Undergrad: 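Dropping the structure in here first, questions after.
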Amino acid sequence: MIPNRPFRPAPQNARDKLLEAGVRLIRRQGFAATSVGELCEEAGVTKGAFFHHFDSKEALGVELARYWSTSTSGFFDDAPYRQIDDPLERILGYLDLRIALVGGPTESFSCVAGTMIQEGFRTSEPIRAACADSILGNADLFVDDFAEAVSKYGIDADPRGLSIHMQVVIQGAFILAKTQETDERAAAMARESLVHLKRYLTLLFEKDASR
């Protein structure tokens, strides 16, 4: 079930409008291809407003990774799967939600931090570090769930390693989706990858594979 709330509240000021513009433009066309002028036009603010809030486009990229991480973490923390008692079912519920969110234009379900890290991991240390915090921070949200599941089901596995592996598959699914000619095929590929991840976790923990 998808939470009855947006990922982020409506922007209230020029800074938030610029960050929201960054979410839209960078997911659609990448960080390098997005100019300050385009960001300002998309946000409906002046360049003076941009440089009042950010020293450079790189500074916006760093803040955008943090903004994305904070907003998406809040969205997933408030989702119904968090109320499930069984730890593995909570994790599978999270994946069910991720699958449900895959649809529409490919850029609408991709990750801002995942997009920026592919471009900037060698050219911008601040962006690399901010994206690492965002992506690995998302993985850290599930370490306790995996630790509880490992203990309950008595398997030999590293909880943080499983959390990171889950993010590897999710990010990889988004990257491979971008190889497809149409949004429909992209969404189908991403969903299939996440279904395979659910199947792997189900078998790893020896749960009913029919789920």
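Since this is a predicted model, take the numbers as computed values, not measurements.
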Undergrad: Same cluster or not: are Leu95 and Val195 linked, directly or through other Ile, Leu, Val, Met, Phe, Trp or Tyr residues, by side-chain heavy atoms under 4.5 angstrom apart?
TA: yes
Undergrad: Quick one: side-chain contact (heavy atoms from CB on, under 4.5 Å) partners of Lys152, sequence neighbours excluded?
TA: Asp86, Pro87
Undergrad: Taking atom CD1 of Ile170 and atom CZ of Arg98, what is their separation to the nearest 0.5 Å?
TA: 4.5 Å
Undergrad: Look at Glu20 together with Lys17 and state whether they make a salt bridge at an N to O cut-off of under 4.0 Å.
TA: no
Undergrad: Given the rule that I, L, V, M, F, W and Y join up when any side-chain heavy atoms are under 4.5 Å apart, are Val150 and Leu204 in one cluster?
TA: yes
Undergrad: With a 6.0 Å cut-off (strictly less than), is the heavy-atom count around CG of Asp77, excluding the residue itself, greater than 12?
TA: yes
Undergrad: Ser134: what forms a side chain to side chain donor-acceptor pair (under 3.5 Å) with it, not counting sequence neighbours?
TA: none
Undergrad: Answer yes when Arg90 and Glu148 have at least one side-chain N-carboxylate O distance shorter than 4.0 Å, and no when they do not.
TA: yes
Undergrad: Go through the structure and list residues passing side-chain contact (heavy atoms from CB on, under 4.5 Å) with Glu41, not counting sequence neighbours.
TA: none
Undergrad: If you look at every heavy atom in Ala14 and Val45, which pair is closest and at what distance?
TA: CB-CG1, 4.0 Å
Undergrad: For Arg28, which residues count as a side chain to side chain donor-acceptor pair (under 3.5 Å) partner, sequence neighbours excluded?
TA: none
Undergrad: Are Phe205 and Val143 grouped together when hydrophobic residues (ILVMFWY) are joined by side-chain heavy atoms under 4.5 angstrom apart?
TA: no
Undergrad: Once side chain to side chain donor-acceptor pair (under 3.5 Å) is applied, what residue pairs with a partner in residues 187-196 remain, sequence neighbours excluded?
TA: His196-Arg199
Undergrad: What distance do Asp145 atom CG and Ser163 atom OG have between them, rounded to the nearest 0.5 Å?
TA: 7.5 Å
Undergrad: Membership question, hydrophobic clusters at under 4.5 Å side-chain separation (ILVMFWY): are Val169 and Leu176 in the same one?
TA: no
Undergrad: Are Leu136 and Val112 linked, directly or through other ILVMFWY residues, by side chains that come within less than 4.5 angstrom of each other?
TA: no
Undergrad: Where do Cys111 and Gln171 come nearest, in terms of heavy atoms and distance?
TA: SG-NE2, 3.5 Å
Undergrad: Taking all non-hydrogen atoms of both residues into account, name the closest pair between Thr34 and Lys57 and its distance.
TA: O-NZ, 2.8 Å
Undergrad: State, with a plain yes or no, whether a side-chain heavy atom of Arg82 is found less than 4.5 Å away from one of Asp78.
TA: no
Undergrad: Do the non-hydrogen side-chain atoms of Phe75 and Thr70 ever get within less than 4.5 Å of each other?
TA: no
Undergrad: Roughly how far apart are Ile91 CD1 and Leu162 CG, rounded to 0.5 Å?
TA: 8.0 Å
Undergrad: Answer yes or no: is there a donor N or O on one side and an acceptor on the other, between the side chain of Glu125 and the main chain of Thr123, under 3.5 Å?
TA: no
Undergrad: Among residues at least two apart in sequence or on other chains, which ones pass ring-ring contact (aromatic ring centres under 6.0 Å, His included) with His165?
TA: Tyr200
Undergrad: Could you give all pairs that pass the ring pair (Phe, Tyr, Trp, His ring centres under 6.0 Å) test and reach residues 32-61, with sequence neighbours left out?
TA: Phe50-Phe54
Undergrad: Under the ring pair (Phe, Tyr, Trp, His ring centres under 6.0 Å) definition, can you give me all pairs with a residue in residues 84-120, not counting sequence neighbours?
TA: Phe76-Tyr94, Tyr81-Tyr94, Tyr94-Phe142, Phe109-Phe174
Undergrad: What distance do Gln167 atom CD and Leu141 atom CG have between them, rounded to the nearest 0.5 Å?
TA: 8.5 Å
Undergrad: Sequence neighbours left out, what passes side-chain contact (heavy atoms from CB on, under 4.5 Å) with Asp16? Give chain and number order.
TA: Pro11, Asn13, Leu19
Undergrad: Would you compute the distance between atom CD of Glu42 and atom OG of Ser35 and round it to the nearest 0.5 angstrom?
TA: 11.0 Å
Undergrad: Going by heavy atoms in the side chains, are Glu107 and Ile26 under 4.5 Å from each other?
TA: no
Undergrad: Is Ser108 reaching over with its side chain to a backbone N or O of Gly103, donor-acceptor style, under 3.5 angstrom?
TA: yes
Undergrad: Given 3.5 Å as the limit, does a donor-acceptor pair link the side chain of Ser69 with the main chain of Ala65, or not?
TA: no
Undergrad: Are any non-hydrogen side-chain atoms of Arg66 and Asp133 less than 4.5 angstrom apart?
TA: no
Undergrad: Looking only at non-hydrogen atoms, find the nearest pair between Leu97 and Ala79 and report the distance.
TA: CD2-CB, 3.7 Å
Undergrad: Applying ring-ring contact (aromatic ring centres under 6.0 Å, His included), can you list everything that pairs with Tyr67, at least two apart in sequence or on another chain?
TA: none
Undergrad: Cluster partners of Phe121, using ILVMFWY side-chain heavy atoms under 4.5 angstrom, listed by chain and number?
TA: Ile117, Ile135
Undergrad: How many angstroms lie between atom CG of Leu194 and atom CE of Met189, to the nearest 0.5 angstrom?
TA: 12.0 Å
Undergrad: Between Thr106 and Gln180, does the side chain to side chain contact (heavy atoms under 4.5 Å, CB included) criterion hold? Intermediate values first, please.
TA: CA-CA 9 Å; Thr106 305; Gln180 299 304 291; over 6 Å; no
Undergrad: What is the minimum heavy-atom distance between Leu92 and Leu201, and which atoms define it?
TA: CD2-CB, 4.3 Å
Undergrad: Just wondering, do Met116 and Arg128 contact through their side chains at under 4.5 Å, heavy atoms?
TA: no
Undergrad: Kindly give the heavy-atom pair with the smallest separation between Leu39 and Ala21, and that separation in Å.
TA: O-CB, 3.7 Å
Undergrad: Which pairs, with at least one residue in residues 110-119 and sequence neighbours excluded, count as a side chain to side chain donor-acceptor pair (under 3.5 Å)?
TA: Thr115-Lys178
